[in-house]
Number of protein chains: 2
Amino acid sequence: MTVIDLLTGVDFAGEQTEASLPPGLAELRADAEYKHEITPEWMDLLSKIQLQGSRPQSKREWLELYLHLKRILEK
Amino acid sequence: MTVIDLLTGVDFAGEQTEASLPPGLAELRADAEYKHEITPEWMDLLSKIQLQGSRPQSKREWLELYLHLKRILEK
């Protein structure tokens with residue numbers, strides 16, 4: 001990661017860097033079991049999910065949300 | 001609803017009109033049991049949820065997604 005990543009939250013490919021991710025979501029993306037299926041499209045979608053600032057708070061909550069959405073959207 | 005609504009998908013308050021909503025979501029918003037709790041903020045959030053064009057297809061699927069997100073985000 002570069003200084004520019006930290007400042008902008010996106011790298012030069014336009015993908016989100018660790019710095020811009022909510023707590024827990026970066027951990028989920030880094031998990032060996034899920035890293036190969038959580039695509040940039042999934043990260044974009046998950047990052048957008050919030051209601052008046054409220055969003056999942058932990059890796060486990062992000063996982064619950066991801067698994068539920070995956071069942072709904074990838075069928 | 002006006003012709004302009006149909007053309008643009010938003011009314012003059014910037015809120016989404018029926019015309020711009022995916023199938024099933026407008027039905028959920030119109031349901032007597034849920035209409036008072038599904039706020040414009042909820043509609044904005046639900047409308048954004050899609051993965052490569054895939055999204056809930058029916059009122060029942062939107063309800064399932066809404067209830068799950070509500071449990072996660074409104075606690």
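All chains are named by letter (A, B, ...) in the order of the sequence lines, taking the proteins before the strands, and each is independently numbered beginning at 1.
- Here the rule is side chain to side chain donor-acceptor pair (under 3.5 Å) with A:Y66, and of A:E61, A:E37, A:R29 only A:E37 fits it.
- With values rounded to the nearest 0.5 angstrom, B:D31 atom CG is found 15.5 Å from B:W62 atom CH2.
- Distance alone, capped at 3.5 Å, is enough to place a donor-acceptor pair between the B:S54 side chain and the A:L73 backbone.
- Residues B:S47 and B:M43 share a closest heavy-atom pair of OG-O, 2.6 Å.
- Contacts of B:L65 with chain A are made by both backbone and side-chain atoms, with heavy-atom separations under 4.5 Å.
- Contact annotation for A:L51: both backbone and side-chain heavy atoms come within less than 4.5 Å of a heavy atom of chain B.
- Of the two parts of A:Q57, neither the backbone nor the side chain holds a non-hydrogen atom closer than 4.5 Å to a non-hydrogen atom of chain B.
- Across A:E64, A:H68, A:E74, A:Q52, the residue that shares the most heavy-atom pairs under 4.5 angstrom with chain B is A:H68.
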